[in-house]
Each structure stands twice: as structure tokens, then as C-alpha cells.
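This report refers to the structure that appears directly beneath it.
Counting begins at 1 with the first residue of the sequence.
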Amino acid sequence: MEKKSIREIISVVFKSLTLAMGVAVVALSCMGGLEVKTAITMLGIGLASTGIVMLEKK
């Protein structure tokens, strides 16, 4: 099994978090179980994690 560095693992975690937040907001709003304030917070977390990943790329 290939060893991955901590940076690669963290990058994958933040990318997964971004995708998960986006999918969760879409799914919950389709079911009608999401308030606007909560949706904005979740999308903000996803956007912040995307920014972290992009800042790591040099």
C-alpha cells in the first residue's frame, strides 16, 4: 500500500468536506428541512475548506 503524506491526506479531507457540504445543502433543501441561515453556514464551511486546499497548492 502506498504511503501518503499528511498534506495529501488533509487535502483529500478538505476536498471531501467541500463536496459533502454542497451535497448536504442540496439534499436537505430539496426535502424542505433546511433553513436559509443553516444553508449559508454549511456552504461557508465548504467554501472555506476549498480555499484552504487552494492555498496549499503552490
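Every residue meeting the side chain to side chain contact (heavy atoms under 4.5 Å, CB included) condition with Ser29, not counting sequence neighbours, appears here in chain and number order: Leu34. Ile10 is linked by a side chain to side chain contact (heavy atoms under 4.5 Å, CB included) to Ile6, Phe14, Glu56, counting only residues two or more places apart in sequence or in another chain. By the side chain to side chain contact (heavy atoms under 4.5 Å, CB included) test, Ile40 pairs with Val36, sequence neighbours left out. A search for side-chain hydrogen bond (donor to acceptor under 3.5 Å, both in side chains) contacts involving Thr50 returns Thr18, not counting sequence neighbours.
Rounded to the nearest 0.5 angstrom, Met42 CE and Leu17 CG are separated by 9.5 Å.
A distance-only check finds no donor-acceptor pair linking the side chain of Ser11 to the backbone of Arg7 [under 3.5 Å].
Hydrophobic cluster membership for Val23: Leu19 (Ile, Leu, Val, Met, Phe, Trp, Tyr linked by side-chain heavy atoms under 4.5 Å, directly or transitively). Grouped with Leu47 in a hydrophobic cluster is no other residue, since no side-chain heavy-atom contact under 4.5 Å to another Ile, Leu, Val, Met, Phe, Trp or Tyr is found. Ile9 belongs to a hydrophobic cluster whose other members, connected by ILVMFWY side-chain contacts under 4.5 Å either directly or through intermediates, are Val13.
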>> Pair Val53, Ser49 - check side chain to side chain contact (heavy atoms under 4.5 Å, CB included), show working.
In response: CA-CA 6 Å; Val53 170; Ser49 63; 5.8 Å; no

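If you chain together hydrophobic residues whose side chains sit under 4.5 Å apart, Ile45 and Val26 never meet in one group.
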